[in-house]
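Written below as structure tokens is the structure these notes are about.
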Amino acid sequence: MGFLRQKMLWIGALVVLLVLAVFGVAMMGAIAGAKPKALPVALVALDQPVELPSGETLAVGDMMKGMLQGNSQMPIQWEIVISEAEAREGLDSQKYYGALVLPENLSAGILSLQSPAPKPAVVQVLVNEGMSTQASAAVKQMLGQAMKMAGAELSKQALTMIGTQTDMLPVTTAQSLLTPFEVHEEVVHPVGANHASGNAPGMLVQILWIGCLILSVFLFQALQKAVVDGSSRGIAIVLQGIAGLLLAGLTSGFLVWMASSWYGMELANGGSVWLMLWLAGSAFFLLQSTLLNWIGLPAMGILVLLMFFSMPLLNMAPEFLPQATQDWLYSWTPLRFAASALRDVMYFDGYAPSSSHSAVMWFIAGGFLVLLLASTFKKGRRSDKRKSIAAS
């Protein structure tokens, strides 16, 4: 019974529960209940209405446009654009997860079902895989289901319209009624082979963060030892920064080589990927080393928690996250900006939206470089003791 009265037993139990709670929030709380909402998708309605033999007008494009916009169950925010070229430009600039193009001859194709030689129109579904495989897959599935529903409704209407004229249907007409229009799916900015289903940017950033964290700890220990041995703290910190930046470049290059050579990751622009990883690694090293220089080894707790809170977000589309997670974590975590900047390079040839992710990484690197150099003026305990002894 004496064992049960030991304080360490109950303190240990409380610590375990606290750790589980903290890491549970980090790994599950930020993304629990994640579901898509308001996914931006471009809608291009080019259809030209046609006149029916009865004198009425058939406007299939307007009908489908109204059906899509009126469907509140689809978590899609439709953005009306005037041309396919404008929609593709929006896909390139990562404004849309996908696009739906209703062609000019959509109504004419439906009307042709009554003729001996039906000519169904082709509806285009574009999915922006490089922007987010998770969101693009959801958009592709929803648009596919919407087109099936629209096709079934149009088949029903066409059959009713033809039935008023004849009771006998040619075989070609009957076959065309099964698919009143064709759907052509196109993937833009594909992710490439062995990219972990598009999760490669987040995965590489996680590995890089861990590598830079180990590097920062060892260089911090080297800094402390050099100062204790009598080296100038200012010079030692400058050398710490230079060594860290060079080793971050070496680490980034090894990571690119390992991903492509060991695991067959297809990298069309390996040099650009290396440079972006070097920038991200430099920002990570400077951030981590700054906290270590100012706070000491207790800063490791902050850095580890930052990593665990950020990891689940790196490959998530923001529209899938709870609003609180978007506002309080996704909007500022450095790892997310690094993953987004790397995604820009890997899948969009470095082209990013107006709020450039790479610019944020440069800002982080520059800001923490200044703070790292400013830690020169932080007095160490051992140097303070030496000064007090010398004064006495």
Side-chain angles (χ1 to χ4, degrees), residues 24-45 64-81 86-102 123-150 183 185-189 191 196-199 201-202 308-333 335-337 339-341 343-344 347-348 352-355 357 360:
V25 171
M27 302 301 293
M28 295 186 294
I31 60 173
K35 58 182 180 180
K37 52 186 179 296
L39 296 172
V41 176
L43 177 59
V44 186
M64 292 181 64
K65 179 180 176 182
M67 180 192 71
L68 293 170
Q69 290 183 311
N71 189 345
S72 59
Q73 295 182 348
M74 280 199 304
I76 288 179
Q77 178 180 334
W78 294 103
E79 302 287 345
I80 306 300
V81 297
E86 183 180 348
R88 289 184 178 274
E89 183 179 350
L91 294 172
D92 293 339
S93 59
Q94 303 182 52
K95 292 173 60 178
Y96 313 125
Y97 289 110
L100 179 64
V101 183
L102 306 179
V123 175
Q124 286 187 289
V125 174
L126 310 176
V127 291
N128 202 357
E129 189 176 61
M131 187 174 174
S132 169
T133 53
Q134 179 188 36
S136 63
V139 167
K140 179 179 179 181
Q141 182 181 13
M142 287 186 288
L143 293 184
Q145 292 176 347
M147 291 303 96
K148 286 182 180 180
M149 293 175 59
V183 177
E185 295 180 350
E186 179 183 348
V187 176
V188 297
H189 302 289
V191 298
S197 300
N199 295 326
F308 276 101
F309 271 92
S310 302
M311 282 171 54
L313 311 178
L314 298 185
N315 294 304
M316 292 280 290
E319 290 82 5
F320 280 72
L321 298 172
Q323 191 61 45
T325 303
Q326 291 188 44
D327 296 338
W328 294 98
L329 184 59
Y330 185 87
S331 61
W332 64 266
T333 176
L335 282 82
R336 192 273 296 183
F337 283 104
S340 297
R343 185 176 297 276
D344 295 338
Y347 306 138
F348 294 89
S354 57
S355 176
H357 303 118
V360 174

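Note that these values count all heavy atoms, side chains included, but never hydrogens, waters or copies made by symmetry. Given the structure is predicted, the values throughout are model-derived calculations rather than measurements.
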Judged by atom type as modelled, is there a donor-acceptor pair below 3.5 Å linking the side chain of [X] to the main-chain atoms of [Y]?
| X | Y | value |
| --- | --- | --- |
| E79 | V41 | no |
| N128 | L91 | yes |
| R336 | Y330 | yes |
| N71 | L68 | no |

Locate the shortest heavy-atom distance separating [X] from [Y]; write the atom from each residue and the value.
| X | Y | answer |
| --- | --- | --- |
| S197 | T133 | O-OG1, 2.8 Å |
| F309 | L329 | O-CD2, 3.3 Å |
| Q326 | L321 | NE2-O, 3.1 Å |
| G130 | R343 | O-NH1, 3.0 Å |
| G198 | N315 | O-OD1, 4.1 Å |
| M67 | A150 | CE-CB, 3.5 Å |

Distance in Å, [X] [atom1] paired with [Y] [atom2], rounded so as to fall on 0.5 Å steps:
| X | Y | atom1 | atom2 | value |
| --- | --- | --- | --- | --- |
| F337 | S310 | CZ | OG | 11.0 Å |
| M131 | S93 | CE | OG | 8.5 Å |
| T325 | M316 | OG1 | CE | 8.5 Å |

Given K37 and F320, is the side chain to side chain contact (heavy atoms under 4.5 Å, CB included) satisfied, shown in steps?
CA-CA 6 Å; K37 52 186 179 296; F320 280 72; over 6 Å; no

State which residue, out of V81, V127, V139, V188, fulfils the side chain to side chain contact (heavy atoms under 4.5 Å, CB included) condition with Y96.
V81

One pair to check against side chain to side chain contact (heavy atoms under 4.5 Å, CB included): D92 and F348. What are the steps and the verdict?
CA-CA 7 Å; D92 293 339; F348 294 89; 5.6 Å; no

Do R88 and L126 pass the side chain to side chain contact (heavy atoms under 4.5 Å, CB included) test, and can you show the C-alpha distance, the side-chain angles, and the key distance before you say yes or no?
CA-CA 9 Å; R88 289 184 178 274; L126 310 176; 3.8 Å; yes

Is the closest side-chain heavy-atom distance between [X] and [Y] below 4.5 Å?
| X | Y | answer |
| --- | --- | --- |
| L143 | I76 | yes |
| M74 | L39 | no |
| V123 | M147 | yes |
| L102 | V44 | no |
| E319 | S132 | no |
| P75 | M142 | yes |

Is the centre of the H189 ring less than 6.0 Å from the centre of the Y347 ring?
no

Side chains of D344 and Q94: donor-acceptor distance under 3.5 Å anywhere?
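Q94 and D344 do have a side-chain donor-acceptor pair below 3.5 Å.
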
Between K140 and E186, is the closest basic N to carboxylate O distance under 4.0 Å?
no

Verdict with reasoning, K65 to L43, per side chain to side chain contact (heavy atoms under 4.5 Å, CB included):
CA-CA 8 Å; K65 179 180 176 182; L43 177 59; 3.9 Å; yes

Counting only heavy atoms not in M149, do more than 12 fall under 6.0 Å of its CE?
no

For K148, does the NZ atom have more than 12 heavy-atom neighbours from other residues, nucleotides or ligands under 6.0 Å away?
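Result for NZ/K148: open.
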
